[in-house]
Enquirer: 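Input: one structure, supplied below.
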There are 2 protein chains.
Amino acid sequence: MATMADVARSAGVSVATVSHVLNGTRPVLPHTRQAVLDAVEQLGYTPNTLARSLVTARTRSIGLAVSAISNPYFTEILQGVEAAALEHGYSLLIADPHDDPAHERTVVQLLHERRVEGMIVAPSPEPGGLLAYLRRHRVPAVFLDRLVGPPADDGPPLFDQVCAESTEPITGLVTHLAGLGHRRIGLVAGLPGLSTTTERITGYRLGLAASGLPFDERILVHGDSEAAGAERATGELLRLGSRPTALITANNAMTIGALRALQAHGLSVPGDIALCCFDDFAWADLFSPRLTAVSQPSRDIGARAVRMLLDRLADPGRPTRTERLPCSFVHRTSCGCPEERNPS
Amino acid sequence: MATMADVARSAGVSVATVSHVLNGTRPVLPHTRQAVLDAVEQLGYTPNTLARSLVTARTRSIGLAVSAISNPYFTEILQGVEAAALEHGYSLLIADPHDDPAHERTVVQLLHERRVEGMIVAPSPEPGGLLAYLRRHRVPAVFLDRLVGPPADDGPPLFDQVCAESTEPITGLVTHLAGLGHRRIGLVAGLPGLSTTTERITGYRLGLAASGLPFDERILVHGDSEAAGAERATGELLRLGSRPTALITANNAMTIGALRALQAHGLSVPGDIALCCFDDFAWADLFSPRLTAVSQPSRDIGARAVRMLLDRLADPGRPTRTERLPCSFVHRTSCGCPEERNPS
DNA sequence: CTGTTAGCGCCTTCAC
DNA sequence: GTGAAGGCGCTAACAG
């Protein structure tokens, strides 16, 4: 493969000159400049980013570590991240931690060994090892989706965070259902311990309170944040003596799981039971039940994460912040409303 | 950041020894070995892959360039690729060509400058620039999904390819619908020129022929391979004097578009019109219409692509091959069949 | 068994 | 306006 030295030789100049015309880093006579460009073209020279990075100590790459790349929510985030990264001249390295703390540590280290300048990660439920690694190696990072507790006392918090506002939207779902007359509204919540789970449960309880409904722990089940768990949990809910008349699912994977359970029990939505969910589906308008949902600004979350990361790279000393992006309520018919209309 | 020299100094050995214990590349006395390991641990040393790659001329990374990462089909491919890459110790760089030939060239060059050892790409409809670049720079590559014509005469073909078998499955869809009594079966085909489009049209015509039905070019429309185009094309189809009684869509994005058009026209599936599609949806069992579909082995396609690429890296001289993976027919109810049963 | 040394391809002072 | 030379962090001969 042609190197810069080859180009220099072929153009009859020094490597320094080649480097400078390629990077526009110092004035070069039009004539010599053209000679270099011709040589580049003729040899099919392609700069070696590795060598450059070795000396500049900048790779212009960022790492993305999110689990379940199959999840449409993360897919949209990925799009936002990819687009924003490219726009800023950064390349994207991706790795899937598979929601396993140990594997998470591994892939993060892999990314770091490749010297990504920073990483965007959706932390696993047990992010201890992750945090330790990032802090120890001073890897700039921004967390996505799930927030990680308050910073340790032994120094300033190292991490920025972006996520969607989820408490209030869930409250809205509850009050909407209550407004339709439902008095037993079940919740299929996510993995205990995740910040998203906690927030959504809070939103649920606030909604119940606002509607003058009692909190009944028997109809709050944990679906482990994914489809299989939600199917199981929903199944249990449905076998209850006095089953709920409405259901809220706390993320898209669990919505799928809940629907499976509903189908298995021969229940139709919204005829037999109303359903509202957190996370929208792109095609939700086209199939029935047409899901009434809270839609997260997934692409924006991804794009925002990139911007926050680049901000931090530009100024490592800036104070950490956690940004919350607003969701929108997408009213359809799975809640039992006959027609589309604005939320009450 | 700690370097190997730091570790060597701290452990009281030479950098060569450090390198060797880290890579297990030559025997080292247990005692010195431990000293090195301790130093590594104490300094929080992390190898710099860039420097290593510069000397070994191996990056152990591959690039993935596919458009529309949002498309569930590509998402599953991505999963397959990510898993297979990791399994073989490779990292993954991704870039979205946005189905634009110029941009495709750009991202491919970006990937190459980062010295990925090879790349997996779903070529754009106009892959001329892509091919030229890959050949000129001798970048090992395997193509996905869309096949690229026969190799030029000026040398052996450079590229391996993987895709799903799509002719025969589409034929199956046609004969299935014909078997249900349909005599006007429309096709929403993809972008003209893509191998996938050509193959699927061939399958369509074969199916018509096998069913003793005439080919009517008015009910074969081009949906440009994506949702918006399909919506428009399907709309035109529906405004036809004698509209088809059944529809086949040639990929998942176009299925969405077609459904939108159907909805806009107030047509229900399968009541007013039957629908079969190429590409399945993971959640298709849970919503209605429950789509009768041809399912591609997407994950396998991704994994297979990685394996082919690694095979080629291992033996650059091996003959090029193009692999076709079989699809499966997933019978549901959008075709108009009352109950699930095996295809006729 | 371990150390010394010469690059890998490039950027960047410092001279000219 | 251009060139020479050192060094980024690491591996791989080659000595010892």
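Model, not experiment: these values are computed from the prediction. Chain letters run A, B, ... following the sequence lines, proteins first and then strands; every chain starts at 1.
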Enquirer: Using whole Å, report how far CE of A:Met4 lies from C1' of C:dC8.
Expert: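 Those two atoms, CE and C1', are 14 Å apart.
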
Enquirer: Can you tell me if A:Ser19 touches the phosphate of C:dC11, counting only side-chain N or O atoms and a distance under 4.0 Å to OP1 or OP2?
Expert: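 Checking A:Ser19 against C:dC11: at least one side-chain N or O falls below 4.0 Å of OP1 or OP2.
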
Enquirer: At 4.0 Å (heavy atoms only), tell me whether B:Thr32 reaches a base, stays on the sugar-phosphate, or touches nothing.
Expert: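 Since only primed, P, OP1 and OP2 atoms lie under 4.0 Å of B:Thr32, the category is sugar-phosphate.
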
Enquirer: Does A:Arg26 make a side-chain donor-acceptor contact with the base of D:dG3, cut-off 3.5 Å?
Expert: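 Such a pair is found, so the answer is yes.
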
Enquirer: Considering every strand and a 4.0 Å limit on heavy-atom distances, what is the contact class for A:Val13: base, sugar-phosphate, or nothing?
Expert: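 Result for A:Val13 = sugar-phosphate.
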
Enquirer: Should A:Thr17 be listed as having a side-chain N or O under 4.0 Å from OP1 or OP2 of D:dG3?
Expert: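 So the side-chain polar atoms of A:Thr17 do come within 4.0 Å of the phosphate oxygens OP1 or OP2 of D:dG3, strictly under.
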
Enquirer: Is a salt bridge present between B:Arg146 and B:Glu126, judged by a nitrogen-to-oxygen distance below 4.0 Å?
Expert: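 Between B:Glu126 and B:Arg146 there is no salt bridge, as every charged N stays at least 4.0 Å from the carboxylate O atoms.
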
Enquirer: Can you name the closest pair of heavy atoms from A:Cys163 and A:Asp145 and give their distance?
Expert: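 Smallest interatomic distance, heavy atoms only, reads CB-O, 3.3 Å.
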
Enquirer: Considering heavy-atom distances to DNA chain C, does B:Ala51 or B:Val15 have its closest nucleotide positioned more toward the 5' end?
Expert: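 By nearest-heavy-atom nucleotide position, the 5'-most residue is B:Val15.
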
Enquirer: My understanding is that only one of B:Arg105, B:His98, B:Glu104 makes a side-chain hydrogen bond (donor to acceptor under 3.5 Å, both in side chains) with B:Ser124; could you say which?
Expert: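 Considering B:Arg105, B:His98, B:Glu104, a side-chain hydrogen bond (donor to acceptor under 3.5 Å, both in side chains) with B:Ser124 is found only for B:Glu104.
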
Enquirer: Can you label the angle between the A:His112 ring and the A:Tyr133 ring as parallel, tilted or perpendicular, going by 30° and 60°?
Expert: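 Taking A:Tyr133 first and then A:His112, their aromatic rings stand perpendicular (interplane angle over 60°).
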
Enquirer: From NE2 of A:His20 over to P of C:dA15, roughly how many Å is that when rounded to an integer?
Expert: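 For the pair A:His20 NE2 and C:dA15 P, the rounded distance is 16 Å.
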
Enquirer: Give B:Val28 one of three labels, base, sugar-phosphate or nothing, depending on what nucleic acid heavy atoms sit under 4.0 Å from its own.
Expert: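 It contacts sugar-phosphate atoms only.
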
Enquirer: Nearest-nucleotide wise, let me know which of A:Thr56 and A:Leu29 is further upstream toward the 5' end of DNA chain D.
Expert: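 Checking each residue's closest nucleotide, the 5'-ward one belongs to A:Leu29.
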
Enquirer: Strictly below 4.0 Å: does A:Thr3 bring a side-chain N or O up to OP1 or OP2 of C:dG9?
Expert: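 A:Thr3 to C:dG9 OP1/OP2: no side-chain N or O under 4.0 Å.
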
